[in-house]
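These figures come from a predicted structure and were not determined experimentally.
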Amino acid sequence: MGADEVIQQGDVLVFRGPFFLDDEGLPTAKTTAVFNIFKHLALTLSSRYHLA
């Protein structure tokens, strides 16, 4: 799991990375875990850092 890109929208850092889809193109549990970690990073780091 890793973030491929970080952008800033207003005061919020937005982390982007790969999706994990099953054979039918639906999100797997791993996709949900990645989303939750990126959300946690955004909530934790946005108040401390900004992109220059």
Side-chain angles (χ1 to χ4, degrees):
M1 179 185 317
D4 295 336
E5 182 181 9
V6 179
I7 63 170
Q8 187 163 350
Q9 292 183 327
D11 293 334
V12 178
L13 295 174
V14 178
F15 295 83
R16 295 181 178 170
F19 290 93
F20 298 94
L21 306 176
D22 65 13
D23 294 336
E24 297 177 11
L26 299 172
T28 64
K30 196 170 185 180
T31 294
T32 303
V34 170
F35 173 81
N36 288 334
I37 288 175
F38 287 174
K39 180 179 175 183
H40 174 75
L41 288 173
L43 291 172
T44 302
L45 299 177
S46 292
S47 62
R48 298 179 189 173
Y49 300 100
H50 67 279
L51 298 179

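- The side chain to side chain contact (heavy atoms under 4.5 Å, CB included) test with Phe15 is passed by exactly one of Ile37, Leu45, Val34: Leu45.
- In the hydrophobic clustering of this structure, Tyr49 groups with Val6; members are Ile, Leu, Val, Met, Phe, Trp, Tyr whose side-chain heavy atoms approach within less than 4.5 Å, directly or through other members.
- The 12-atom threshold is not exceeded at CZ of Phe35, counting heavy atoms of other residues, nucleotides or ligands nearer than 6.0 Å.
- Heavy atoms from other residues, nucleotides or ligands lying under 6.0 Å from CG of Asp11 number 12 at most.
- Scanning both residues, Ala42 and Ser46, for their nearest heavy atoms gives O-OG, 2.6 Å.
- Heavy-atom minimum distance, Gln8 versus Leu51: OE1-N, 2.6 Å.
- Between the CG atom in Leu41 and the CG atom in Asn36 there is a gap of 11.0 Å [rounded to 0.5 Å].
- For the pair Pro18 and Gly2, the tightest heavy-atom approach, listed with the atom from each and the gap, is CD-O, 3.4 Å.
- If you take CG on Leu13 and CZ on Phe38, they are separated by 12.5 Å, rounding to the nearest 0.5 Å.
- Cluster annotation: Leu26 is not connected to Leu21 through the hydrophobic network of ILVMFWY side chains, with a link wherever side-chain heavy atoms come within less than 4.5 Å.
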